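The structure appears right after this line, and notes come after that.
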Amino acid sequence: MGCNNSRQGETHNPNTNTQKPRLQKKPEFQNGCKSLLSKYLTDDVFQQLNGVSDKFGYSLAELINSGVVNQNSSIGVYAGSPDSYSTFAPLLNQIIQEYHGYDPADLHKSDWDVSKCNFEPLDDKYCMSTRIRFARNLADFPLGTKITKEQRRQVESLAKEAFQKFEGELLGTYHSLANMDKQTQKQLIEEHYLFKEGDKYLEAAGLNRDWPDGRGIFINHSKTFLIWVNEEDQFRVISMQKGGDIKAVFGRLSNAHTIINKVAKFAYNDHLGAISTCPTNIGTGLRASIHVKLPLLSKDMETFEKIAEKNHVQIRGIHGEHSESEGGIFDISNKRRIGFSEVELVHDMFNGVKEMIEKEKELEKHAIQS
Ligand code: ADP
Ligand code: DAR
């Protein structure tokens with residue numbers, strides 16, 4: 001059961017809203033499915049929303065397809081446009097409330113003031129590299145789930161125009177994925193700069209349509225500032241460097257945010273903050289992560305996970321989402337995205353990694369003494 005996950009053979013034109021596809025019945029979810037979609041797509045919500053489409057013609061069927069096709073999803077939905085968040089509010093508000101602890105009446109806040117980062121660099125012995133990114137989508141287009149090939153090319157063209165405004169250390173070059181040789185693509189992925197391809201969750205959400213057309217990556221000359229174009233979101237703006245100097249990485253990103261916000265009109269509102277394709281990335285759209293080496297602490301996952309939960313951080317593998325740890329190195333990043341400012345979320349990550357390193361040092365002493 002599940003919609004056509006590549007959505008080929010769609011009979012309605014996304015730009016004419018001529019057909020609002022209705023599902024014959026509410027999708028079934030396997031026992032053990034833990035997605036927030038399966039929890040909140042009740043019979044009542046399904047009856048309310050079946051046959052409804054947002055102003056770009058994005059339907060309930062499209063909104064939920066990824067979570068119906070991939071029953072191991074944690075969330076299971078992707079928005080089709082900023083309008084999706086109001087059109088499908090009976091479902092999305094509940095998912096947002098549970099994931100973010102954020103209510104429909106709450107107002108988002110933003111603060112990029114680097115001077116408020118009152119912490120020193122973390123120990124490079126443990127911190128392999130620091131990466132901070134934010135997600136953005138343009139205000140006047142549907143999201144990648146519903147965008148047409150021509151619109152996606154317009155987004156890429158507008159992005160390339162914006163990149164011309166960068167100066168100093170942000171100066172760099174845009175590399176179209178469609179024109180990139182496979183060896184270069186493989187190397188950039190292995191070096192943690194470029195996004196992977198073929199993600200099944202994105203595929204079922206229609207985000208991989210026309211791949212690789214309209215996709216690419218901007219890279220500055222020192223490879224410390226990158227922008228992904230038209231992957232899961234239309235912009236993923238990334239600052240990264242070796243070591244644990246979080247303040248330097250955040251300062252570079254804050255500078256880029258100021259510049260790009262002057263030349264691009266992003267989808268944003270007082271309640272949801274920045275609009276993202278996945279509801280997990282609304283608000284700041286910011287994920288601040290450190291690849292940190294914790295060979296001893298990671299042998300005690302209960303303690304490791306307790307420190308993570310206390311500091312509102314997530315433990316991930318080192319090749320992006322759904323990947324594994326290697327060599328005792330883990331990706332530690334803020335879990336929260338909305339209702340807290342960029343400065344506050346960078347502090348979440350700092351506090352989590354700092355406590356993890358302190359615990360690792362304690363275990364090192366015990367190991368020496370025993
Ligand atoms: P995103 O937050 O943009 O979704 P992913 O988790 O998908 O990022 O990872 C994208 C790429 O960025 C992967 O190659 C991953 O290894 C790399 N990456 C994430 N955090 C770091 C980090 N702190 N240092 C180096 N590379 C990182
Ligand atoms: N894999 C999807 C999305 C989870 C959040 N990660 C994003 N958006 N990259 C799921 O529902 O599990």
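These values consider heavy atoms only, across backbone and side chains, with no hydrogens, waters or symmetry-generated copies. Atoms within each ligand, like the ligands themselves, are counted from 1 in listed order. Model, not experiment: these values are computed from the prediction.
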Which atoms from ligand 1 have a heavy atom of Arg287 less than 4.0 Å away? 1 (P), 2 (O), 5 (P), 6 (O), 8 (O), 19 (C), 20 (N)

Using a distance-only test with no angle check, is there a side-chain donor-acceptor pair under 3.5 angstrom linking Ser84 and Asp54? yes

Quick check on the 6.0 Å ring-centre criterion: do Phe330 and His291 meet it? no

Looking just at side-chain N and O atoms, do Glu355 and Asn311 make a donor-acceptor pair shorter than 3.5 Å? yes

Under a 3.5 Å cutoff, is there a donor and acceptor pairing between the side chains of Thr224 and Asn220? yes

Compute the shortest N/O to N/O distance between Leu194 and ligand 1 and return yes if it is under 3.5 Å, no if not. no

Matching residue for Asp331 among Arg287, Lys293, Arg131 - test: salt bridge (Lys or Arg N to Asp or Glu O under 4.0 Å): Arg287

Restricting to non-hydrogen atoms, name the atom on His108 and the atom on Gly283 that form the minimum distance, rounded to 0.1 Å. NE2-C, 3.4 Å

With atoms numbered from 1 as shown, which atoms in ligand 2 lie under 4.0 angstrom from a non-hydrogen atom of Tyr78? 1 (N), 2 (C), 3 (C)

What residue and atom, counting heavy atoms only, is the protein's closest point to atom 15 (C) of ligand 1, and at what distance? Gly320 N, 3.5 Å

Decide whether an N or O pair under 3.5 Å exists between Thr130 and ligand 1. no

Say whether Asn72, considering both its backbone and side-chain N or O atoms, lies within less than 3.5 Å of an N or O atom on ligand 2. no

One residue to check: Met240. Relative to ligand 1, which of side chain, backbone, both or neither has a non-hydrogen atom less than 4.0 Å away? side chain

Distance alone, cut at 3.5 Å: any donor-acceptor contact between the side chains of Arg153 and Asn230? no

Look at atom 4 (C) of ligand 2 and say which protein heavy atom is nearest, naming residue and atom and giving the distance to 0.1 Å. Glu321 OE2, 3.6 Å

Is it the side chain (CB and beyond), the backbone, both or neither of Arg131 that lies under 4.0 Å from ligand 1, heavy atoms counted? both

Would Ser74 count as a polar contact of ligand 2, with the cut-off being nitrogen or oxygen pairs under 3.5 Å? yes

Within 4.0 Å of some non-hydrogen atom of Gly76, the atoms of ligand 2 are 11 (O)

Please report whether the ring centroid of Phe225 lies less than 6.0 Å from that of Phe166. yes

What atoms of ligand 2 come closer than 4.0 angstrom to any heavy atom of Ile75? 10 (C), 11 (O), 12 (O)

